[in-house]
Enquirer: 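Have a look at this one before I ask anything.
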Amino acid sequence: MSEFDVIVIGGGSTGTAVARDCAMRGFQTLLLERGDIASATVGTCAGMISSGLKYMDEPEIVDMCSDEVVHLNRIARHLIMKNPILTPMLKMSDLSTGGNFAEEYSKRAKEREVPPVLFLTPEDSIKIEPKLNPEIIASMYFEEFFIDPFRFCLLQALDAARNDAIIRTYCEVTDILTDENGVTGVEFYNRLEGKIETENAKIIVNAAGPWVPRIAGLAEATAEIRPNKGAHVIFDRRIVNVGIIARALDGRMIYLFPHENTSLLGTTALDTWEDPDILVASQDEIEYLIKSMEWVVPSLREARIIRTMEGVRPLIADWKKPEGEVTRGYEILDHDAEGVEGLISFTGGKLVMCRHMAEAATDLVAEKLGTNTECKTHLRPLPGNEDDIDILSLSKEYKVSQHALERMRARRGTEMQKVLKLLNENPSWRTTVCTCEPVIEAEVRYAIQEEFPQTLDDLRRRLRLGTGPCQATFCTYKAAAIMADEMDLSGTQFQLEVLDYLAERWKGKRPPLRDVSISQEEVLQGAYACVGNLDHEEIDYRKKPWEEVR
Ligand SMILES: Cc1cc2nc3c(=O)[nH]c(=O)nc-3n(C[C@H](O)[C@H](O)[C@H](O)COP(=O)(O)OP(=O)(O)OC[C@H]3O[C@@H](n4cnc5c(N)ncnc54)[C@H](O)[C@@H]3O)c2cc1C
């Protein structure tokens with residue numbers, strides 16, 4: 001057994017950023033994630049890499065977020081979308097708050113390469129977004145950036161691996177090993193092979209999001225958070241041309257953002273003591289969001305909801321105040337102070353600041369290891385961000401539609417050429433597997449070969465497979481067949497993949513199920529249970545190794 005310099009626990013935005021920074025500074029790094037990369041909180045977020053202006057009374061956070069937007073636009077440009085945003089105003093008092101925001105926002109707008117805030121008349125606002133309530137008295141126009149959280153975390157993990165880190169998914173840390181000098185390593189359950197393993201390290205970084213307190217507790221250390229539930233409602237298409245930010249029924253700010261080829265309505269923010277693993281959006285949350293946004297987009301209720309998405313923000317444990325007043329900054333806990341030498345935990349933070357969080361933690365790791373190293377994560381591009389891509393000529397050369405290639409570029413930038421080269425040997429891999437996104441067979445095969453997915457749900461995170469209007473009705477069989485071929489799955493494993501994936505999709509579809517979604521669900525269940533014969537009793541549900549052991 002080798003000894004690592006650092007073991008990072010958690011493969012969300014924070015953990016993958018730490019692994020990348022540690023590996024780039026030359027530390028022997030191992031990242032352990034109990035599920036897939038980005039399979040928890042970060043995968044439920046809106047992906048907004050905002051200038052931090054929601055937190056205007058915390059100027060250091062506004063500065064940090066503004067800097068991070070600039071860095072992310074340098075290193076991950078291909079994963080970033082710029083969204084215009086309108087904040088419609090329904091009464092005069094909204095104008096004064098808007099004025100303060102406009103002044104702060106505009107200060108650093110040039111650096112972020114966005115125009116300063118504009119105030120628009122109702123007529124101009126409705127020209128930009130015809131679905132707005134005609135009774136608005138004005139609106140504020142500004143621009144913010146959004147990133148694909150799944151690809152961002154995956155690319156951080158892949159970049160860490162290219163710098164010699166070892167990334168292991170489906171490895172759940174079950175104990176932190178210590179001796180009289182502090183931490184010595186971890187024990188973990190390898191869910192793929194169904195066995196307990198241990199690895200040694202000098203430093204352990206606990207980046208387990210809402211599970212940070214549980215991980216710290218394994219070493220008898222303390223890390224408290226204020227767990228805060230957030231839910232989104234997802235619509236089947238881009239129902240607005242621009243993002244809308246508005247006051248909710250209770251005065252909080254909520255948003256409706258076009259996101260990839262869907263729209264996100266969010267978010268709630270509730271103190272929660274529910275298990276983050278079994279969280280669902282409640283009917284109250286769904287209705288609160290719709291009723292609140294209906295004031296400014298009156299036709300919203302007619303749009304088709306495809307699912308909800310919910311997660312727990314691991315906020316800093318600041319109590320006895322409304323959650324909205326809790327800082328969105330982060331803290332790094334050095335557990336040396338309580339006698340657990342070598343254990344570092346995060347509380348708080350956001351996706352947009354994950355690189356900054358990682359830099360601060362890696363500086364501490366370097367200090368503990370007694371080395372003097374420099375952070376380069378804000379300078380070096382993530383894989384695929386090295387150059388521009390000429391979609392038109394690639395479309396002509398490889399005979400793949402420009403639309404499919406645009407979507408592929410948004411996932412992989414220059415590395416899409418590696419996918420397209422597969423077509424030279426395998427021309428039939430042009431077939432479209434997921435028509436909503438769209439995704440072609442070559443990309444599914446490439447992702448399986450190069451991006452270590454273990455399940456169809458992991459492929460969803462790599463490719464946005466099954467996330468569109470049909471919610472996996474038409475792509476699941478095709479993708480499972482490709483996976484069976486690439487990974488040499490047995491017939492039973494193939495069936496289990498399909499069933500597991502559909503069950504996972506069902507979790508988010510169930511809370512808002514109504515109207516036409518019910519008919520669509522019937523088509524899906526009919527297709528898989530009846531035509532696909534997947535509801536027969538003989539399937540051995542215990543064929544996966546971890547089920548046999550537990
Ligand atoms: C609804 C919502 C909307 C949000 N919107 C935004 C936004 O627009 N912009 C923004 O900047 N931020 C946003 N945030 C905040 C942001 O998503 C989180 O702060 C951030 O993603 C947390 O990332 P993380 O890596 O710390 O946690 P996670 O993503 O939860 O990662 C922790 C990982 O640790 C793993 N883990 C847990 N226990 C173990 C174990 N025993 N062994 C191994 N691995 C383990 C988990 O499986 C998980 O993958 C939002 C949050 C929510 C809930």
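One-based numbering along the sequence shown. The basis for the numbers below is simple: all heavy atoms, side chains too, and nothing from hydrogens, waters or symmetry mates. Both ligands and their constituent atoms are indexed starting at 1 by order of listing.
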Enquirer: Which atoms from ligand 1 have a heavy atom of Ala208 less than 4.0 Å away?
Expert: 32 (C), 34 (O), 37 (C)
Enquirer: When the ring centroid of Tyr255 is compared with that of His232, is the distance short of 6.0 Å?
Expert: yes
Enquirer: Going by the order shown, which atoms of ligand 1 are within less than 4.0 Å of some heavy atom of Met48?
Expert: 7 (C), 8 (O), 9 (N), 10 (C), 11 (O)
Enquirer: State which residue, out of Gln156, His71, Arg355, fulfils the side-chain hydrogen bond (donor to acceptor under 3.5 Å, both in side chains) condition with Thr377.
Expert: Arg355
Enquirer: Would Glu310 and Thr308 count as a side-chain hydrogen bond (donor to acceptor under 3.5 Å, both in side chains) if you check the C-alpha gap in whole Å, the side-chain angles of each, and the deciding distance to 0.1 Å?
Expert: CA-CA 7 Å; Glu310 43 283 313; Thr308 56; 3.2 Å; yes
Enquirer: So, the side chain of Asp21 versus the backbone of Ala17: is there a donor-acceptor pair under 3.5 Å, distance only?
Expert: no
Enquirer: Ignoring hydrogens and geometry beyond distance, is a side-chain donor-acceptor pair present between Glu197 and Asn190 at under 3.5 Å?
Expert: yes
Enquirer: If you measure from atom 23 (O) of ligand 1 to every heavy atom of Ser50, Ala231, Ser13, which option wins on shortest distance?
Expert: Ser13
Enquirer: Below 4.0 Å from any atom of ligand 1, is there a heavy atom belonging to Cys354?
Expert: no
Enquirer: Around atom 33 (C) of ligand 1, find the nearest protein heavy atom and jot down its residue, atom name and distance.
Expert: Glu33 OE1, 3.5 Å
Enquirer: Could you walk me through whether Phe27 and Phe4 pass ring pair (Phe, Tyr, Trp, His ring centres under 6.0 Å), step by step?
Expert: CA-CA 8 Å; Phe27 303 141; Phe4 289 93; over 10 Å; no
Enquirer: Among protein heavy atoms, which lies nearest atom 30 (O) of ligand 1, and at what distance?
Expert: Thr41 OG1, 2.5 Å
Enquirer: Do me a favour and list the nearest non-hydrogen protein atom to atom 51 (C) of ligand 1 with residue, atom name and distance?
Expert: Arg313 CG, 3.6 Å
Enquirer: Give the numbers and elements of all ligand 1 atoms closer than 4.0 Å to a heavy atom of Gly230.
Expert: 1 (C)
Enquirer: If you count every heavy atom of other residues, nucleotides or ligands that lies below 6.0 Å from Glu274 atom CD, does the total exceed 12?
Expert: yes
Enquirer: Enumerate the atoms of ligand 1 whose separation from the nearest heavy atom of Leu351 is less than 4.0 angstrom.
Expert: 10 (C), 11 (O), 12 (N), 16 (C)
Enquirer: To the nearest 0.1 Å, how far is atom 43 (C) of ligand 1 from its closest protein heavy atom, and which atom is that?
Expert: Arg34 N, 3.3 Å
Enquirer: Among Gly349, Cys45, Gly209, Pro149, which one puts a heavy atom closest to atom 4 (C) of ligand 1?
Expert: Cys45
Enquirer: Name the closest protein heavy atom to atom 11 (O) of ligand 1, giving the residue it belongs to and the distance to 0.1 Å.
Expert: Val352 N, 2.9 Å
Enquirer: Just need the protein heavy atom nearest to atom 31 (O) of ligand 1, so name the residue and atom and give the distance.
Expert: Gly12 CA, 3.5 Å
Enquirer: Side chain, backbone, both or neither: which part of Asn228 has a heavy atom under 4.0 Å from ligand 1?
Expert: neither
Enquirer: Take atom CH2 in Trp506; do more than 12 heavy atoms of anything else shown fall under 6.0 Å from it?
Expert: yes
Enquirer: Could you tell me if Ser517 and Arg304 have a donor-acceptor pair between their side chains, going purely by distance under 3.5 Å?
Expert: no
Enquirer: Are Asp363 and Arg25 within salt-bridge range, i.e. N to O under 4.0 Å?
Expert: yes
Enquirer: Please list, chain by chain and in numerical order, all residues satisfying ring pair (Phe, Tyr, Trp, His ring centres under 6.0 Å) with His356, sequence neighbours excluded.
Expert: Tyr330
Enquirer: Show me which atoms of ligand 1 lie under 4.0 Å from any heavy atom of Pro210.
Expert: 30 (O)
Enquirer: Please state which protein non-hydrogen atom is closest to atom 29 (O) of ligand 1 and give its distance, to 0.1 Å?
Expert: Val42 N, 2.9 Å
Enquirer: Which ligand 1 atoms does Thr267 reach within 4.0 Å, using its non-hydrogen atoms?
Expert: 1 (C)
Enquirer: Just which atoms of ligand 1 are under 4.0 Å from any heavy atom in Leu32?
Expert: 43 (C), 44 (N)
Enquirer: Under 4.0 Å from any heavy atom of Thr14, which atoms of ligand 1 are there?
Expert: 23 (O), 24 (P), 25 (O), 26 (O)
Enquirer: Step through it carefully: locate the ring centre of Tyr189, locate the ring centre of Tyr170, and say whether they are under 6.0 Å apart.
Expert: no
Enquirer: What is the nearest protein non-hydrogen atom to atom 42 (N) of ligand 1, stated with its residue, atom name and distance?
Expert: Val173 N, 2.9 Å
Enquirer: Is the number of heavy atoms from other residues, nucleotides or ligands within 6.0 Å of NZ (Lys82) greater than 12?
Expert: yes
Enquirer: Have a look at ligand 1 and work out which part of His232, if any, has a heavy atom under 4.0 Å from it: side chain, backbone, both or neither.
Expert: side chain
